[in-house]
2 protein chains.
Amino acid sequence: MTRVEQVNSTGLVGDTIGAISRHIREKDLMPGDRLPSEALLSKELNVSRTVVREAFRSLAAMRIIELATGKRATVAQIDHGAMSLMIEHGVHTDQINIQQIYDVRRTIETRIVTLAAIRRTDDEATQILALAARMQDAVNDPAALMEHDLAFHTALARASRNPVYSLLIGSFQGITRQTWPIGWKSRPTQAARDLMVGTHLDIARAVAASDPQQAAALMSLHFDESVRALLTAGLS
Amino acid sequence: MTRVEQVNSTGLVGDTIGAISRHIREKDLMPGDRLPSEALLSKELNVSRTVVREAFRSLAAMRIIELATGKRATVAQIDHGAMSLMIEHGVHTDQINIQQIYDVRRTIETRIVTLAAIRRTDDEATQILALAARMQDAVNDPAALMEHDLAFHTALARASRNPVYSLLIGSFQGITRQTWPIGWKSRPTQAARDLMVGTHLDIARAVAASDPQQAAALMSLHFDESVRALLTAGLS
DNA sequence: CATAGAAACCTGTCCTACAGGTTTGGGGGA
DNA sequence: TCCCCCAAACCTGTAGGACAGGTTTCTATG
């Protein structure tokens with residue numbers, strides 16, 4: 001093999017990742033479009049299939065492409081899976097703490113709910129109200145309640161009509177799943193639990209009523225209360 | 001080889017990624033700590049080194065671990081590189097547009113500057129002022145100006161004392177580098193350019209003066225003006 | 001013209017080999 | 001005894017071959 005003796009700092013895999021990314025940009029590929037086969041790329045870039053495969057795996061890990069056995073690799077849609085793992089890793093290794101995440105969430109969710117109140121479709125309003133209602137029904141079933149809670153915030157993000165907000169909310173979902181029970185346990189009284197669930201319903205109503213100020217104020221309140229609950233639970 | 005005939009939907013590589021992640025969590029590894037060698041993992045997990053390597057590459061792509069030739073893989077520090085690529089991919093494939101990113105940036109940077117005004121150390125205040133000053137010096141050197149601009153916002157994020165904000169600001173930097181010149185071209189007059197640079201200095205002063213309200217108001221203003229400039233440039 | 005089936009193609013995993021880079025442990029010198 | 005240097009052991013990066021399935025494409029047949 002006519003090995004090209006060009007040793008970059010990145011290594012062949014890094015170079016190949018770059019080449020594939022460039023290929024996507026230059027050919028202006030859209031989600032779903034197919035990439036060249038491993039064998040072809042390997043030939044064109046003068047690297048072994050091993051290298052191409054590792055480059056593919058790297059891009060797949062970032063959800064830039066999608067792999068499936070037998071099929072060719074395709075350009076992927078945005079997905080929060082990778083970011084979720086990265087955030088979880090940051091928390092597990094003490095590089096990020098839960099309050100810091102709550103500060104970010106409060107900041108963006110306040111904006112999200114403002115946009116949602118302005119831009120939501122009627123269908124979305126209905127769906128958001130329904131999720132808040134389901135939370136009330138599940139007030140004594142923590143597992144179900146958490147899922148509806150997450151779905152509620154996800155629906156709001158979608159209604160904001162800004163995919164970046166959906167992406168970020170999704171990215172925090174992984175770690176939220178792991179810490180949500182802590183927050184719930186720190187609300188031991190029925191009153192505290194009803195308040196939490198009730199606030200969600202109020203937010204849903206404000207969004208349905210297209211009242212951005214009210215929606216934002218309530219969301220801010222919700223986070224005040226959540227952070228207080230978390231601190232009470234001793235999560236420093 | 002005693003091949004375990006357990007076919008998950010994820011495939012062996014996916015399983016292996018999970019096993020390594022679990023290993024990090026269970027052993028409570030911190031950034032810098034070393035992971036087992038490929039050969040060892042391959043033996044313990046009953047998969048080929050190929051599979052372990054692809055799993056390593058995937059984790060490295062998400063910056064969860066770090067690879068280097070000859071050395072063992074280590075647990076990595078949080079890094080925005082992967083997120084930056086993901087965002088860029090989203091923009092290039094028309095899944096995200098620039099205004100959407102600006103809306104998110106405005107939202108979080110307004111919060112960042114509020115926190116920075118409260119929490120900045122004196123050193124950070126000095127550094128932020130210095131960066132704003134350097135922007136003024138480079139008002140006729142777009143390339144240098146852009147770099148100082150990016151460094152300015154990065155410094156503010158650091159002063160907010162919340163690594164998640166630093167992570168997010170970093171994630172937008174890649175795409176910002178590609179769109180910044182558009183915004184600059186849409187400020188063709190000296191007055192518009194001086195205004196943009198001057199706003200940065202005003203923000204720096206507000207942060208140095210520990211005036212969060214003023215800092216936030218100015219940052220909001222800055223983004224108003226930036227979005228207007230971008231729209232003028234015809235970036236729909 | 002539609003369709004079933006074969007051929008061609010493609011990915012997932014395993015294995016072996018070897019060129020460097022890194023860590024470690026031991027021996028020799030101060 | 002302690003320190004330093006070097007060789008051996010270890011480790012990763014890349015190449016290449018093999019084969020089991022899964023997928024796409026083409027063709028011949030009904």
Side-chain angles (χ1 to χ4, degrees), chain A residues 1-20 23-24 27 29 31-76, chain B residues 1-20 23-24 27 29 31-76:
Chain A
M1 161 87 20
T2 56
R3 178 68 193 297
V4 178
E5 214 44 82
Q6 163 191 345
V7 179
N8 291 18
S9 61
T10 39
L12 289 188
V13 175
D15 294 351
T16 304
I17 292 174
I20 296 169
H23 177 95
I24 294 175
K27 285 254 187 329
L29 299 189
D33 290 353
R34 294 195 304 181
L35 282 92
S37 71
E38 296 175 355
L40 195 76
L41 278 170
S42 148
K43 204 170 302 177
E44 288 193 350
L45 302 175
N46 266 292
V47 294
S48 66
R49 183 155 84 101
T50 308
V51 168
V52 174
R53 280 190 61 78
E54 293 192 8
F56 268 11
R57 281 285 181 197
S58 296
L59 290 164
M62 294 184 280
R63 308 298 205 272
I64 288 175
I65 67 173
E66 203 165 316
L67 304 178
T69 72
K71 298 184 196 170
R72 305 255 287 275
T74 58
V75 174
Chain B
M1 160 92 15
T2 57
R3 177 65 191 297
V4 178
E5 214 45 78
Q6 163 194 348
V7 178
N8 291 17
S9 61
T10 39
L12 289 189
V13 174
D15 295 350
T16 304
I17 291 174
I20 297 169
H23 177 95
I24 293 176
K27 285 256 188 321
L29 299 187
D33 289 352
R34 293 194 303 180
L35 282 97
S37 71
E38 296 174 356
L40 195 76
L41 278 170
S42 147
K43 203 170 303 175
E44 289 192 350
L45 302 176
N46 267 293
V47 294
S48 66
R49 182 154 86 99
T50 308
V51 168
V52 174
R53 279 190 63 77
E54 291 191 8
F56 268 12
R57 282 285 181 198
S58 295
L59 290 165
M62 294 183 279
R63 308 300 206 273
I64 286 174
I65 68 173
E66 202 164 318
L67 303 177
T69 71
K71 296 185 196 169
R72 305 254 285 276
T74 58
V75 174

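All values below come from the heavy atoms of this structure, side chains included, with hydrogens, waters and symmetry mates left out. All chains are named by letter (A, B, ...) in the order of the sequence lines, taking the proteins before the strands, and each is independently numbered beginning at 1.
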Round to a whole Å and report the spacing from [atom1] of [X] to [atom2] of [N].
X     : N      : atom1 : atom2 : value
A:E38 : C:dT13 : CD    : C1'   : 12 Å
B:L45 : C:dT13 : CG    : P     : 13 Å
B:E66 : C:dG21 : CD    : P     : 19 Å
B:L35 : C:dT23 : CG    : P     : 15 Å
A:I17 : D:dG13 : CD1   : P     : 12 Å
B:L12 : C:dT11 : CG    : C1'   : 13 Å
B:F56 : C:dT13 : CZ    : P     : 16 Å
A:R53 : C:dC10 : CZ    : P     : 14 Å

Among [options], which nucleotide has an atom closest to any side-chain atom of [X]?
X     : options                : result
B:V51 : D:dC11, C:dT13, D:dT14 : C:dT13
B:V13 : C:dT13, C:dG12, D:dG13 : C:dT13
A:E54 : C:dT11, D:dT14, D:dC11 : D:dT14

(request) Hey, which sits more toward the 5' end of DNA chain D by its nearest nucleotide, A:G14 or A:R49? (result) A:G14
(request) Let me know, please, whether A:K71 or A:S48 comes out on the 5' side of the other along DNA chain D by nearest nucleotide. (result) A:S48
(message) Check whether A:R49 reaches the backbone of A:A39 with its side chain - one donor and one acceptor, N or O, closer than 3.5 Å.
(response)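 Here the side-chain-to-backbone pair does not exist.
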(request) Keeping the roles fixed (side chain from B:S42, backbone from B:V47), state whether a donor-acceptor pair exists under 3.5 Å. (result) yes
Does a side-chain N or O of [X] approach OP1 or OP2 of [N] to a distance below 4.0 Å, or not?
X     : N      : value
B:R34 : D:dC10 : no
A:T69 : D:dG22 : no
A:R57 : C:dT13 : yes

(message) When you compare the side chain of A:L35 with that of A:I24, does any pair of heavy atoms fall below 4.5 Å?
(response)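 When only atoms from C-beta onward are counted, A:L35 and A:I24 do touch, with a gap below 4.5 Å.
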(message) Measuring from atom CG of A:L12 to atom OG1 of A:T50, what distance do you get when rounded to the nearest 0.5 angstrom?
(response) 11.0 Å
(message) Nearest 0.5 angstrom please: A:E44 CD to A:L41 CG, how far?
(response)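 One finds 6.5 Å between CD of A:E44 and CG of A:L41.
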(message) Regarding B:T50, tell me which of base, sugar-phosphate or nothing describes its non-hydrogen contacts under 4.0 Å with the strands shown.
(response) base
